[in-house]
Each structure stands twice: as structure tokens, then as C-alpha cells.
Amino acid sequence: MSKKIFSGVQPTGNLHLGNYLGAIKNFVELNNEKENDCIFCVVDLHAITIKQDKNELKSNIRETAATFIASGIDPSKSIIFNQSKVQAHAEASWILSCTAPMGWLNRMTQFKEKAGKDKEKASVGLYIYPVLMASDILLYDTSHVPVGEDQKQHLELTRDIAQKFNKEFICDDFFKVPEPLIKKNFSRIMSLKDGLKKMSKSDPSGLSRINLTDTKDEIVNKIRKAKTDSFPIPNIEKELNDRPEAENLLGIYSSISNQTLEKTLDEFGGKNFSFFKNELAEILSSKISPISGEIKKLIHDRQYLDNILLEGAEKAESIAGKKIKEIKKIIGF
Ligand code: AMP
Ligand code: TRP
């Protein structure tokens, strides 16, 4: 059955293996299914909820688009654009912020994590960030949203906002209620230095993540230095309980090789980590290096990237522009 796919990635630099395995790799698979209509958005309005350097933001927008294309998203099949080019996102976000109760937003754990101890200093934008995300999704009658596990709560909020709006304005199926597409396994890739912490763009330790622009030598070095424990690799999944670093590395291997964790344990059970790490570094560099090479090539071709983003924005505008008009009519403007 054909799906209407929408997802977004923030142009905040350092796109990493977690972004790839949790999100972008799935984008590529969905792009490759002939019958799907896919939209992949560089969510630059979301990025400015935290202070950005003007020039870095500009180049990160292009680099995120380049990463989509280098990973295998075909811009002639899927729409790639940056959010700030389509006005309807900001407009719908205001309107939906009048539907979403504060109580729902107060429950969002990502805000609590990102705002840290001093919530008073966090921007209002960071607080209502999930409403902008809901607008992104709902403007395009999205049926499915591929994301990593950390976005699950935001998707539940999106569904709740859609249903509340439909009910309040008595317009039954006006907003389509989207389904999350979160891979059961490996949708949460952890730091290479701490198996209890998410792999993240903002981790101060560069050794905690593999960036999609890393060279083969950097990948080998980071995997060699990744934290493990002193036990051999077990044969069964249950024995990975309480071994988060081991579980994470074996999960990364399984995900990048498109196989189950069970199969990986069949392959490596009883072996030690130094052997396994060589194999992991090998497969990671064979999959990541071509992407990394392509990103580096594409970012020099600004004109090409700007054209893709411009064409994408025109297509997105033609869909979102209609929807926002209907929204305004429904609420009485
Ligand atoms: P962001 O970079 O925060 O815009 O995230 C872009 C996409 O990558 C979202 O779908 C996230 O859920 C996903 N993602 C980010 N970090 C991870 C991670 N460590 N493991 C799995 N998915 C992730
Ligand atoms: N909030 C998402 C993240 O930080 C990015 C995002 C913004 C998004 N809008 C979206 C993801 C719409 C999916 C759909 O990762």
C-alpha cells in the first residue's frame, strides 16, 4: 500500500551513525519503495530553538541535504526541502499551539533534557518545538513518520493534537492521524563511550560518535577505542542484559548488516571483542566511507544543492499552501 512519508532532520552539524541507523537508512528504504510519496525536510526552524551561528547554519542546511542525497535519497523521486522556505510551517505552528494544552507539552521529556537545569533560560521555541513538529507532519496529510525512538513521544503528541483539532472544529478526518515508523530494534544507537547515553551530535567527546563524514581511519580508531567489557560475546541475547556497551556494538553490527541480533550472536558468540571490533570497523567503513565521500563531493556543489532545495520547496509549498488555506477557513479567518 502506498504511504505518505514525512520526516525531518535538524541542520545542526555532526550527523552521525545514530541519525543514519535510526532514521536516514529507513528514509532511503522508503524512498526506494515505488509507490510511496516521501518528503524529507531539513528542519531549520527547529534548529534555531538553540542559538546557531549564522554561517554554520547556512552550511549545515546544505550539508544535511547533501547527506540525504549521498545516503541514497533520490531528489527526483522524493521532495527534499528546508522548512523555513515554506511559510505554512510557522503559521500552522501558531494555530496548533492554540490547540495544544500546556499540560501536554509539560510532559515532553526531550524539552526537560535539552533545557537542562535552568529551564527559565530555555527559549519559548524550545518548549513549543513539538507543536512545530506536529505542524510539519499534519500539513502534508502524512500517513507514516520514520524516526528514531527518541521522537516517539513527539509523535504521540502529534496524534493527540490532530484528534483534538478534528474534534473541536468538528471536521472529522481533516487532519490525518499519522503512524510512527520506528524500527523495533536498533532505533536507539548509544554513545561509543557510555552504553547508557544516546549517541548525540552535542556530546563533547568526538570519540562517542561516528560521524557520517568520518574517514576510514577515524572509524577504525573510534571503534578500537569504544568501551566494552571484559567478557566474551555471548551466544544468546539474554546474556547481554546489563552489558549496554556490548549490546550497542552488536546492535550496530546487526543494523548495518541488515540482520537480526540473533544472527550476529550466532556469528560471533564465544569470540572476544578485539576480533569483533575489527569486523565491525570493516563493515562500518565499507558502508559509511562511500556516503562520506559523496557528502564531501556534494557540499562543494552549492548550486546543485540550492537548486534541489528550491525545487523541493516549490513542491512542498504547493501541498502545504493548500492545507493552510483550509485550516484558516475551518477556524474562521
Ligand atoms: P536530529 O538530529 O535530532 O534532528 O534527529 C534526526 C533523526 O535521527 C530523528 O529521527 C532521531 O530520532 C534520529 N536519531 C538521533 N539520534 C539517534 C540515536 N542515537 N539513535 C537512533 N536514532 C537517532
Ligand atoms: N524533532 C525531530 C528531531 O529532533 C526533527 C523533526 C522536526 C521531525 N519535524 C519533524 C521528525 C517531522 C519527523 C517529522 O529529530
Can you list every side chain to side chain donor-acceptor pair (under 3.5 Å) pair that touches residues 308-318, not counting sequence neighbours?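 Qualifying pairs: none.
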All ring pair (Phe, Tyr, Trp, His ring centres under 6.0 Å) counterparts of [X], not counting sequence neighbours:
X: Phe111; value: Tyr127
X: His144; value: none
X: Phe169; value: Phe165
X: Tyr129; value: His46, His154

Return yes if a side-chain donor-acceptor contact under 3.5 Å exists between [X] and [Y], otherwise no.
X: Tyr253; Y: Glu267; result: yes
X: Gln153; Y: Thr109; result: yes
X: Asn166; Y: Asp172; result: no
X: Asn36; Y: Ser2; result: no
X: Gln259; Y: Thr264; result: yes

Under a 4.0 Å threshold between the charged nitrogen and the carboxylate oxygen, would [Y] count as salt-bridged to [X]?
X: Glu168; Y: Lys164; value: yes
X: Lys176; Y: Asp141; value: no
X: Glu33; Y: Lys3; value: yes
X: Asp266; Y: Lys263; value: no

If you look at every heavy atom in [X] and [Y], which pair is closest and at what distance?
X: Gly72; Y: Asn31; result: O-ND2, 3.7 Å
X: Thr260; Y: Ser254; result: O-OG, 3.8 Å
X: Asp229; Y: Ala246; result: OD2-CB, 4.0 Å
X: Ser191; Y: Asn248; result: O-ND2, 3.7 Å
X: Pro178; Y: Thr142; result: CB-O, 3.6 Å
X: Gly251; Y: Leu261; result: N-CD1, 4.2 Å

Can you confirm whether more than 12 heavy atoms, excluding those of [X], are under 6.0 Å from its [atom1] atom?
X: Lys325; atom1: NZ; result: no
X: Asp242; atom1: CG; result: no
X: Lys322; atom1: NZ; result: no
X: Gln110; atom1: CD; result: yes
X: Lys77; atom1: NZ; result: yes

Considering only distance and modelled atom types, tabulate donor-acceptor pairs under 3.5 Å from the side chains of residues 288-302, sequence neighbours left out.
residue	atom	partner	partner atom	Å
Ser289	OG	Ser285	O	2.8
Ser292	OG	Asp214	O	3.3
Ser292	OG	Lys296	NZ	3.4
Glu294	OE1	Lys297	NZ	3.3
Lys296	NZ	Thr213	O	2.8
Asp301	OD1	Tyr304	N	3.4

For [X], which residues count as a side chain to side chain donor-acceptor pair (under 3.5 Å) partner, sequence neighbours excluded?
X: Ser286; result: none
X: Lys287; result: none
X: Ser230; result: none
X: Asn258; result: Lys25

If Ile, Leu, Val, Met, Phe, Trp and Tyr residues are connected whenever their side-chain heavy atoms lie under 4.5 Å apart, and connections chain through other members, are [X] and [Y] in the same group?
X: Ile79; Y: Ile137; answer: yes
X: Val28; Y: Leu17; answer: yes
X: Leu57; Y: Val43; answer: no
X: Leu240; Y: Leu280; answer: yes
X: Ile210; Y: Met190; answer: no

Applying side chain to side chain contact (heavy atoms under 4.5 Å, CB included), run through Ile319 and Leu139 and close with a yes or a no. CA-CA 8 Å; Ile319 305 170; Leu139 277 171; over 6 Å; no
Nearest-0.5 Å distance, [atom1] of residue [X] to [atom2] of residue [Y]:
X: Phe68; Y: Leu309; atom1: CZ; atom2: CG; result: 9.5 Å
X: Met133; Y: Thr158; atom1: CE; atom2: OG1; result: 5.5 Å
X: Arg107; Y: Lys112; atom1: CZ; atom2: NZ; result: 9.0 Å
X: Ile69; Y: Ser71; atom1: CD1; atom2: OG; result: 9.5 Å
X: Leu250; Y: Arg243; atom1: CG; atom2: CZ; result: 8.0 Å
X: Phe6; Y: Asp37; atom1: CZ; atom2: CG; result: 13.5 Å

Close side-chain approach of [X] to [Y], heavy-atom, < 4.5 Å:
X: Ile50; Y: Lys114; value: yes
X: Phe174; Y: Ile327; value: yes
X: Asn235; Y: Glu239; value: no

Show me the pairs that pass salt bridge (Lys or Arg N to Asp or Glu O under 4.0 Å) and involve residues 182-199, at least two apart or across chains.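 Checked against salt bridge (Lys or Arg N to Asp or Glu O under 4.0 Å) - neighbours excluded - the pairs reaching residues 182-199 are Glu29-Lys183, Asp150-Lys198, Lys197-Asp203.
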Decide yes or no on side chain to side chain contact (heavy atoms under 4.5 Å, CB included) for Ile233 and Leu265, but give the supporting numbers first. CA-CA 7 Å; Ile233 294 170; Leu265 294 179; 4.0 Å; yes
Begin from the C-alpha positions of Ser7 and Val147 and carry the test side chain to side chain contact (heavy atoms under 4.5 Å, CB included) through to its verdict. CA-CA 7 Å; Ser7 196; Val147 278; 3.9 Å; yes
Evaluate side-chain hydrogen bond (donor to acceptor under 3.5 Å, both in side chains) for Asn211 paired with His16, printing each intermediate quantity in order. CA-CA 4 Å; Asn211 295 317; His16 53 71; over 6 Å; no
The residue among Leu30, Ile80, Asn32 that forms side-chain contact (heavy atoms from CB on, under 4.5 Å) with Ile73 is Ile80
For the residue pair Phe81 and His89, categorise the inter-ring angle as parallel (less than 30°), tilted (30 to 60°) or perpendicular (more than 60°). tilted
Which other residues end up in the same hydrophobic cluster as Leu45, if Ile, Leu, Val, Met, Phe, Trp and Tyr are linked when side-chain heavy atoms come under 4.5 Å apart? Leu132
